[in-house]
Every structure is written in C-alpha cells, then in structure tokens.
Amino acid sequence: MSVQATTILYKGPNQTGESKYGYLAQDDRYGHENSRDLQDTGFYEQTQSVKLFDSSVQDVCQIFFTGDQYDKVYQSWYALKGKGFLNITGNWGPVRSYLLVATSRDGENELRLSYRDMFFQEWITMIDQMKGDSIRRDVDPVLTWELFPADPRYEWLDPKLTYLKVHQDLMALVPWPYTDYHIWMEYWIYLYPSGTGVRAHVPQYWWYVDGGALHENVRDRFVWRVRDGAVTLQNKLNEKLAQFDGIAPNGVHDVYYLPGRMLQRPTHTGFVDGNVTTSDITLIVTAK
C-alpha cells in the first residue's frame with residue numbers, strides 16, 4: 001500500500017503530547033474517523049493540534065467537526081501539493097469526528113458545483129406541487145449530507161458511501177378546534193458516475209407526524225406523498241444532471257463532496273469554517 005497523505009493528531013498544543021496517525025492510501029478519496037473511532041483511541045474531544053503533511057500529487061484537506069458524524073460546525077485546512085506541511089493549532093472547538101480528503105489530484109479534471117445552486121429551486125418547485133392544499137410550507141429545506149452512515153436505522157444506506165440529504169419541515173392543516181400538526185420528510189441522495197455523466201439514486205426516505213388525536217388521519221394524508229416523492233425527486237435530479245452529460249468524454253471517474261462553497265481550488269494554505277447544516281455543500285465531479 002502506497003501512502004499519499006498523512007496527518008498526525010496531538011493531545012497537546014503545538015504538536016505535543018500523545019499522538020495518533022491518519023492517512024490516505026493511493027486510491028483513497030477519504031480518510032475518516034467518527035466519534036466512536038476517536039473514543040476507541042482516546043482522542044474524542046482531545047485533539048489540540050495537528051501536523052498535516054502535503055502530497056506531491058494532490059491537495060490534502062483536513063476537516064474537523066464538532067459533531068459526532070461529520071456534522072455541525074466544521075473547520076477545513078488545506079495542504080497544497082508540494083507546498084510543505086502545516087502545523088495547525090486552531091480554535092475549532094471539540095473535535096468529535098474528522099475527514100482527510102484527497103482533492104485536485106494530478107491527472108484529474110474537476111468540475112465543482114454547488115448543491116444549493118443545483119438543487120434548491122428544484123426542490124421548492126417539487127415540494128410546493130406535491131404538498132397539496134392541506135399542507136403548508138413555512139420554511140426552506142435543510143440541505144446537508146450524510147457521510148459513512150453509522151445509524152443502524154439507516155437500513156438502505158451503505159456505511160462505506162457518502163450521501164446528500166434534504167430535510168423539510170411542514171405543517172399539516174387540520175380543522176378547528178385542533179392545532180395544526182408539525183410534520184417533516186427527509187430524503188437521502190446518492191450520486192454516482194454514469195458513463196460520461198452523473199446520475200442520482202434516492203435509496204431511503206423518512207417521515208414524521210406529531211402525535212395526537214388526528215395523528216393517523218394526518219399520517220395517511222402525508223405518507224403516500226413522501227413515498228411517491230422519492231421517485232419524483234430521483235427523476236427530477238436525473239433530468240437536472242443530464243445537462244452535464246458529455247462533460248467527460250473518457251468517463252466520469254468519481255463524485256465527492258466538501259463542506260461549504262468551494263467552487264475554485266484553493267490557491268493558498270489556510271482554513272475555511274462554517275456549519276454543515278447551514279453551509280452549502282460542494283459537489284466535485286472528476287474525470288481523467
């Protein structure tokens with residue numbers, strides 16, 4: 001196995017104290033550890049500094065999360081290829097999970113897209129058409145991701161894969177004297193190379209309806225919309241993605257993600273921060 005990138009996490013400031021290694025092998029896109037992994041090695045909420053080594057063939061991105069499963073507040077650091085290692089001592093909050101990502105590899109062409117730009121208006125149009133007159137949308141969707149899902153309830157998701165995710169809160173209108181019911185829906189989206197383009201699959205959906213006297217009535221009016229919406233969403237996404245067919249005459253090689261809006265390759269070392277729940281997600285399509 002050829003190691004292409006390495007990071008060292010330290011329990012003390014300025015690269016001191018107990019340490020542990022993370023790495024990317026030659027064909028790895030991601031290296032990752034969630035809260036359980038860090039708890040097993042005694043590094044959960046213990047990382048105070050990091051040494052991130054550069055690579056001669058790719059940029060290396062180190063992303064720290066305050067969430068247990070690559071979520072909540074994040075801070076991304078970049079070691080650009082051939083520019084030397086980074087000594088990182090940051091105020092990133094407690095590190096409860098992290099990613100190590102290979103980006104901008106030699107021999108790969110990248111197309112970077114915004115999840116929000118591509119998806120937001122398509123979703124609004126779809127949800128407003130499918131909800132009918134008995135359901136009200138007061139808020140915008142939450143556009144986020146689900147990386148390497150570890151929740152055993154996600155029976156249709158592969159823990160080795162990465163997914164986009166959309167969550168939508170709604171209100172179901174019910175007759176007086178009852179108050180309207182809070183309901184929500186969620187969909188997971190898997191993007192994959194398909195010849196010279198990219199396609200989408202929606203492997204799982206969830207829904208929720210408030211409890212109460214009218215729970216079953218509201219559920220029956222709502223759940224079929226969520227179920228049918230999975231197929232509608234998948235079809236609409238693939239129609240949208242079809243516009244990029246032919247971008248890679250020799251075939252799309254990979255699709256991967258970075259948190260935030262990173263539509264251009266970084267040109268200098270440093271960090272970007274944000275919140276996975278409220279920030280954009282960058283979709284990166286690669287071809288050789």
Side-chain angles (χ1 to χ4, degrees), residues 1-9 20-38 40-41 43-44 47 50-81 86 88 92 95-108 110-113 115 144-151 154 157-165 188-193 198 203 252-260 262 265-266 271-274 276 279-288:
M1 178 183 66
S2 175
V3 174
Q4 296 289 349
T6 306
T7 185
I8 311 176
L9 279 60
K20 73 182 301 292
Y21 283 79
Y23 65 88
L24 291 172
Q26 184 171 359
D27 295 327
D28 290 343
R29 180 64 68 186
Y30 298 100
H32 56 94
E33 293 191 84
N34 64 11
S35 60
R36 181 176 298 178
D37 299 322
L38 293 176
D40 288 345
T41 57
F43 270 77
Y44 183 74
T47 301
V50 176
K51 179 173 284 188
L52 176 62
F53 291 87
D54 67 328
S55 165
S56 61
V57 296
Q58 63 198 6
D59 294 346
V60 182
C61 180
Q62 173 86 72
I63 312 171
F64 308 109
F65 300 90
T66 62
D68 289 340
Q69 191 67 27
Y70 321 109
D71 56 0
K72 299 185 178 178
V73 175
Y74 71 87
Q75 191 171 94
S76 302
W77 291 83
Y78 285 86
L80 303 184
K81 52 188 167 188
L86 294 181
I88 306 170
W92 48 64
V95 176
R96 299 186 177 113
S97 55
Y98 80 81
L99 292 175
L100 195 63
V101 190
T103 76
S104 302
R105 284 174 170 161
D106 287 348
E108 285 186 347
E110 293 186 340
L111 172 66
R112 297 189 174 212
L113 303 167
Y115 180 27
T144 184
W145 65 15
E146 187 87 47
L147 304 187
F148 312 108
D151 191 324
Y154 297 164
L157 303 184
D158 188 328
K160 299 185 294 296
L161 299 180
T162 58
Y163 301 85
L164 299 174
K165 185 177 178 181
W188 285 260
I189 303 162
Y190 177 59
L191 299 184
Y192 58 94
V198 177
V252 170
H253 174 64
D254 194 13
V255 182
Y256 70 100
Y257 311 123
L258 292 173
M262 301 294 295
R265 177 198 173 210
F271 72 89
V272 178
D273 57 9
V276 175
S279 298
D280 201 354
I281 302 293
T282 303
L283 322 180
I284 305 177
V285 181
T286 71
K288 291 187 175 180

key: CA sep, side-chain torsions, deciding dist, call: R105, T286, side-chain contact (heavy atoms from CB on, under 4.5 Å)   = CA-CA 9 Å; R105 284 174 170 161; T286 71; over 6 Å; no
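- The distance from the OH atom of Y23 to the CD1 atom of I8 is 14.0 Å, given to the nearest 0.5 Å.
- Within a 6.0 Å sphere centred on CZ of R36, other residues, nucleotides and ligands contribute 12 heavy atoms or fewer.
- For the salt bridge (charged side-chain N to carboxylate O under 4.0 Å, His left out) criterion with K81, the lone passing option out of D59, D106, D54 is D106.
- The heavy-atom pair separating P203 from L157 by the smallest distance is CG-CD2, 3.7 Å.
- Side-chain atoms of E110 come within 3.5 Å of backbone atoms of S104 as a donor-acceptor pair (strictly under, hydrogens ignored).
- Not less than 6.0 angstrom separates the ring centroid of Y257 from the ring centroid of Y115.
- Q62 approaches L99 most closely through the heavy-atom pair NE2-O, 3.3 Å.
- Residue K72 qualifies as open at atom NZ: its count of foreign heavy atoms under 6.0 Å is 12 or below.
- Residues P259 and I281 come closest through the heavy atom pair CA-CD1, 4.3 Å.
- Counting only distance, with no hydrogens or angles, the side chain of T41 and the backbone of L38 share a donor-acceptor pair below 3.5 Å.
- Checking side-chain atoms of Y70 against main-chain N and O of N34 turns up a donor-acceptor pair under 3.5 Å.
- Between the side chain of S97 and the main chain of G67, a donor-acceptor pair closer than 3.5 Å is present.
- Counting only heavy atoms from C-beta outward, the side chains of E146 and Y154 approach each other to under 4.5 Å.
- Closest approach of P193 and V252 over heavy atoms only: CB-O, 3.5 Å.
- In this structure, Y98 has its ring center no closer than 6.0 Å to that of F64.
- Heavy atoms only, all atoms of each residue included: P159 and P149 are closest at CB-O, 3.3 Å.
- In this structure, L80 CG and S55 OG are separated by 11.0 Å, a value rounded to the nearest 0.5 Å.
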Pair H32-L147, side-chain contact (heavy atoms from CB on, under 4.5 Å): steps then yes or no = CA-CA 10 Å; H32 56 94; L147 304 187; over 6 Å; no
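- Expressed to the nearest 0.5 Å, how far CG of D68 lies from OH of Y44 amounts to 3.5 Å.
- Considering CZ of R29 and OH of Y256, their distance stands at 4.5 Å, rounded to 0.5 Å.
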request  = Under the side-chain contact (heavy atoms from CB on, under 4.5 Å) rule, what do L52 and L100 come out as? Steps first, then yes or no, please.
outcome  = CA-CA 10 Å; L52 176 62; L100 195 63; 3.7 Å; yes
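- No donor-acceptor pair under 3.5 Å is formed between the side chain of R112 and the backbone N or O of T282.
- Heavy-atom neighbours of Y21 OH from other residues, nucleotides or ligands within 6.0 Å: at or below the threshold of 12.
- Between the OH atom of Y192 and the CG atom of L161 there is a distance of 12.5 Å, given to the nearest 0.5 Å.
- To the nearest 0.5 angstrom, L9 atom CG is 9.0 Å from I88 atom CD1.
- F148 is listed as a side-chain neighbour of T162, based on a closest heavy-atom distance under 4.5 Å.
- Residues Q4 and V57 have side chains in contact (heavy-atom distance under 4.5 Å, counting atoms from C-beta outward).
- The backbone N or O of D158 sits less than 3.5 Å from a side-chain atom of Y163, completing a donor-acceptor pair.
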message = Using the rule given for side-chain contact (heavy atoms from CB on, under 4.5 Å), can you reason through R96 versus F65, listing the C-alpha separation, both sets of side-chain angles and the distance that settles it, and then say yes or no?
response = CA-CA 6 Å; R96 299 186 177 113; F65 300 90; over 6 Å; no
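- Taking all atoms of both residues into account, the shortest heavy-atom contact from L258 to W145 is C-CZ3, 3.8 Å.
- Residues L283 and L164 have side chains in contact (heavy-atom distance under 4.5 Å, counting atoms from C-beta outward).
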